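Everything below concerns the one structure shown next.
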Amino acid sequence: MRWSNLLIPTLKETPQDAEIISHQLMLRAGLIRRLGSGLYTYMPLGVRALRKVQAIVREEMDRAGAQEVLMPVMHPKEIWEKSGRYEGLKNVMFRVKDRQDREMVLGPTHEEIITDLVSREITSYKQFPCNFYQIQSKFRDEIRPRFGLMRCKEFIMKDAYSFDVSSEAADVSYQKMYDAYVRIFKRCGLHAMAVDADTGDMGGSSSHEFMIPCDAGEDAILEADDGSYAANLERAEGICDLPMVFAGAELALAAVETPAVGKIEDVAKLLEIETRQLVKTLIYVSDEKPVAVLLPGNRDVNEIKLNKVLPGAELADPEVIREVTGAEVGFAGPVGLDIPVIVDRSLKGLKGGVIGANETDKHLKNFDLERDCGITEFVDVALAYAGDLAPNGKGRLVEKRGVEVGHVFKLGTKYSEALGANFLDENGKSHPAVMGCYGIGVSRTLQAVIEQSNDKFGIIWPISVAPFELLITVLSPKDENCMQKALDIKTILEAQGVDVLLDDRQERPGFKFKDADLLGLPLRLTIGERGLAKGEVELKARTDKDFEAIPLDQAVVKTFEKITAMREAL
RNA sequence: CGGAGAGUAACUCAGUCUGGUAGAGUGCCUGCUUUGGGAGCAGGACGUCGCAGGUUCGAAUCCUGUCUCUCCGACCA
């Protein structure tokens, strides 16, 4: 392909509304243009890179035994009502009406649609296992689209759905997808990590997210420093290993005056103790009943974890707190409280703690959890922190940020039951299929590649997803000899299956080199009059500091060798 | 939705406080020169100052409303 035949609108200046480097570079290199918030056009170069990612995804999904299908983007609302997600996802779904005033939704995901299909077509145990996937635009009314392709209202996703006869068989399907994901991201040149994740709206029993570590990532990850554990912050379990025994452990409960001091930090300061010696007593309301939640003073509630113990729990209003504790906000404590108490496991063995006295301006010290409350049951409802021990008790947790590019779920039978995807076993007995679902944000993956691979001059494409593999820069396109040599090389390499972009623009060399670095194609072959006079052309990888002069008659061979080596490295 | 900021040429931005002929750089077009890391000179085209009202002799500028975009929080591939 010739540059002059492609719209590649490179920008010298950084567009104002791009915050992170990958977004800036996608705009500057002319890969995408914005239509509206969270809506982007893929320019010719962007489409080429996107197709490369898609090709890798297809190859690996096919290899893993998944079958490609293509489902409608637009769905009748009734099918979403069957699973209950018409309500559950009502804030993310775009809704439209047809001329009959029938309500439709634009698909944010396709569990319901594929399960409906399978319920009709897959009816015998002999047809299992099976796995269907598609690559398609998804629509989500995101609260806040961000960072170019990172979070869009319309984005391209690969979604796959597996169906099995048992949960053991489903585990095998899950593992196959997990392994395929590892290969996909590796082939895209990405350093992805799999982390334990929450299942969120999707439901199901367990899931892993595939994260690309980078500072611009929207998710927080906690990883054990020995690599034995990694989880999304919202899911992570941390063990605080410091003994919760403080001065005054053996003494009886005693009141201390804390006038107008209700905040953890202020109480700790006044009493000259650590914040973790204090017990944070939070009053939640779940199912219209108040419940107390206890944590060390230096920890916060993980609302996702709490919701599993206390469905729909929300922090109580001040009036409720006053009613329940008989004190102003800030002086709640577990002793003498007449409501259920949930205790985070990090409080296990607490002696010598300080609690609210359920009396305004007073706290109680020398608190012993078991002695004074008789509490012996603990749950995990706290946010894990960097510095905690990993759940296996070995590594220490370190915080990272990451971009979620893929997510695999074990769904169980939630959707198959709701939509009647049952099959008959050997004995003619009916069972719901056991499902898994697997998503890759294809467009997001593309941007993640750039976020992870760039320098101050521009993008550095891994060859597997680069819009072109080779850039031939013709320094003097007017010179017939130069142009002819370049075209000859291009023709041969293209015949050998190399994606070649020929910069035939009538521009000064410096201008073309800057654009070349910005585009970041993995290999550049420079052909100029000066070199040709010596019978030489120049070869330079995007990551090389300097070019290598090679004889003209070896240009094709050497270039092909390099391309081959680059391909094989991924 | 809450908080913060921004809408002026294709892009980056000045001008707004203090109302008085709409600007710069980049890009684009033409010509000449130049040609190995975003060239120089000369000439040229491009604007409903986001939109709608209002105040005023006069509004990019002041007032009111409204829309859009970006960033920070809750959602997710």
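Letters go in sequence order (proteins before strands), and every chain restarts at 1. Predicted, not measured: the structure shown is a model, and the values here were computed from it.
- Remark: the separation of the C1' atoms in G27(B) and A45(B) is 13 Å, to the nearest Å.
- Across all strands, Glu507(A) comes closer than 4.0 Å to no nucleic acid atom at all (heavy-atom distances).
- Ser453(A) meets the side chain to side chain donor-acceptor pair (under 3.5 Å) test with no other residue; sequence neighbours excluded.
- Nucleic acid contact class of Arg524(A) (heavy atoms, under 4.0 Å, all strands): base.
- In this structure, Asp515(A) reaches the bases: a heavy-atom distance under 4.0 Å links it to at least one base atom across the strands shown.
- By the side chain to side chain donor-acceptor pair (under 3.5 Å) test, Ser476(A) pairs with Glu529(A), sequence neighbours left out.
- Taking a heavy-atom distance under 4.0 Å as the criterion, the stretch of RNA chain B touched by chain A extends 5' to 3' from A6(B) to A77(B).
- Between C46(B) and C29(B), the distance separating the two P atoms is 16 Å to the nearest Å.
- At a threshold of 4.0 angstrom between heavy atoms, the contacts of Phe139(A) with the nucleic acid are absent.
- With a cut-off of 3.5 Å on both pairing distances, A77(B) has no Watson-Crick or G-U wobble partner at all.
- Taking atom C1' on both nucleotides, A42(B) is separated from C49(B) by 30 Å, rounded to a whole Å.
- Residues that satisfy the side chain to side chain contact (heavy atoms under 4.5 Å, CB included) test with Ile143(A), not counting sequence neighbours, are absent from this structure.
- Considering only residues two or more places apart in sequence or on other chains, Asp515(A) meets the side chain to side chain donor-acceptor pair (under 3.5 Å) condition with Thr10(A), Arg505(A).
- Look at the C1' atom in both C72(B) and A77(B): the space between them is 22 Å, to the nearest Å.
- At a threshold of 4.0 angstrom between heavy atoms, the contacts of Asp159(A) with the nucleic acid are absent.
- Residue pairs that meet the salt bridge (charged side-chain N to carboxylate O under 4.0 Å, His left out) test with at least one member in residues 6-25 of chain A, sequence neighbours left out, are Asp17(A)-Arg34(A).
- Across every strand in view, U68(B) sits in a pair with A6(B) that passes the Watson-Crick or G-U test at under 3.5 angstrom.
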Check against side-chain hydrogen bond (donor to acceptor under 3.5 Å, both in side chains), Thr115(A) and Tyr161(A): CA-CA 9 Å; Thr115(A) 309; Tyr161(A) 306 90; over 6 Å; no
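- A salt bridge (Lys or Arg N to Asp or Glu O under 4.0 Å) with Asp380(A) is found for exactly one of Lys305(A), Arg299(A), Lys308(A), namely Lys305(A).
- Using the Watson-Crick or G-U wobble rule with both distances under 3.5 Å, U48(B) pairs with nothing in any strand shown.
- Comparing the C1' positions of A59(B) and G3(B) gives a spacing of 31 Å, expressed to the nearest Å.
- Residue contacts shown for Ile156(A) are absent, as no nucleic acid heavy atom lies under 4.0 Å away.
- With a cut-off of 3.5 Å on both pairing distances, A14(B) has no Watson-Crick or G-U wobble partner at all.
- By the ring pair (Phe, Tyr, Trp, His ring centres under 6.0 Å) test, Phe139(A) is found to be paired with no residue, residues two or more places apart in sequence or in another chain being considered.
- Here, C11(B) and C69(B) have their C1' atoms 16 Å apart, quoted to the whole Å.
- As judged by a 4.0 angstrom heavy-atom cut-off over every strand, Gln16(A) is placed among residues touching the sugar-phosphate backbone only.
- When Watson-Crick and G-U wobble pairs are counted only if both distances are under 3.5 Å, C62(B) pairs with G54(B).
- Comparing A60(B) with C13(B), their C1' atoms are spaced 15 Å from each other, to the whole Å.
- When heavy atoms are screened at a 4.0 angstrom cut-off, Pro15(A) is found touching the sugar-phosphate backbone but no base atom.
- Across every strand in view, C32(B) sits in a pair with G40(B) that passes the Watson-Crick or G-U test at under 3.5 angstrom.
- Looking at heavy-atom distances under 4.0 Å, Arg34(A) makes contact with sugar-phosphate atoms alone, never a base.
- For the P atoms, the distance linking A22(B) with C28(B) amounts to 28 Å, nearest Å.
- Within a heavy-atom distance below 4.0 Å of RNA chain B, no residue of residues 43-61 of chain A is found.
- Two rings, from Tyr178(A) and Phe210(A), have their centers less than 6.0 Å apart.
- Applying the 6.0 Å contact sphere to CD of Glu314(A) captures no more than 12 heavy atoms from other residues, nucleotides or ligands.
- Every side chain to side chain contact (heavy atoms under 4.5 Å, CB included) that Val500(A) has, sequence neighbours left out, goes to Leu470(A), Ile472(A), Lys490(A), Leu493(A), Glu494(A), Val498(A).
- Remark: Phe163(A) pairs with no residue by the ring pair (Phe, Tyr, Trp, His ring centres under 6.0 Å) rule, at least two apart or across chains.
- Heavy-atom distances under 4.0 Å link RNA chain B to Gly439(A), Gly441(A), Arg444(A) of residues 434-457 of chain A, given in residue order.
- Under the side chain to side chain contact (heavy atoms under 4.5 Å, CB included) criterion, Arg63(A) pairs with Glu60(A), Arg183(A), sequence neighbours left out.
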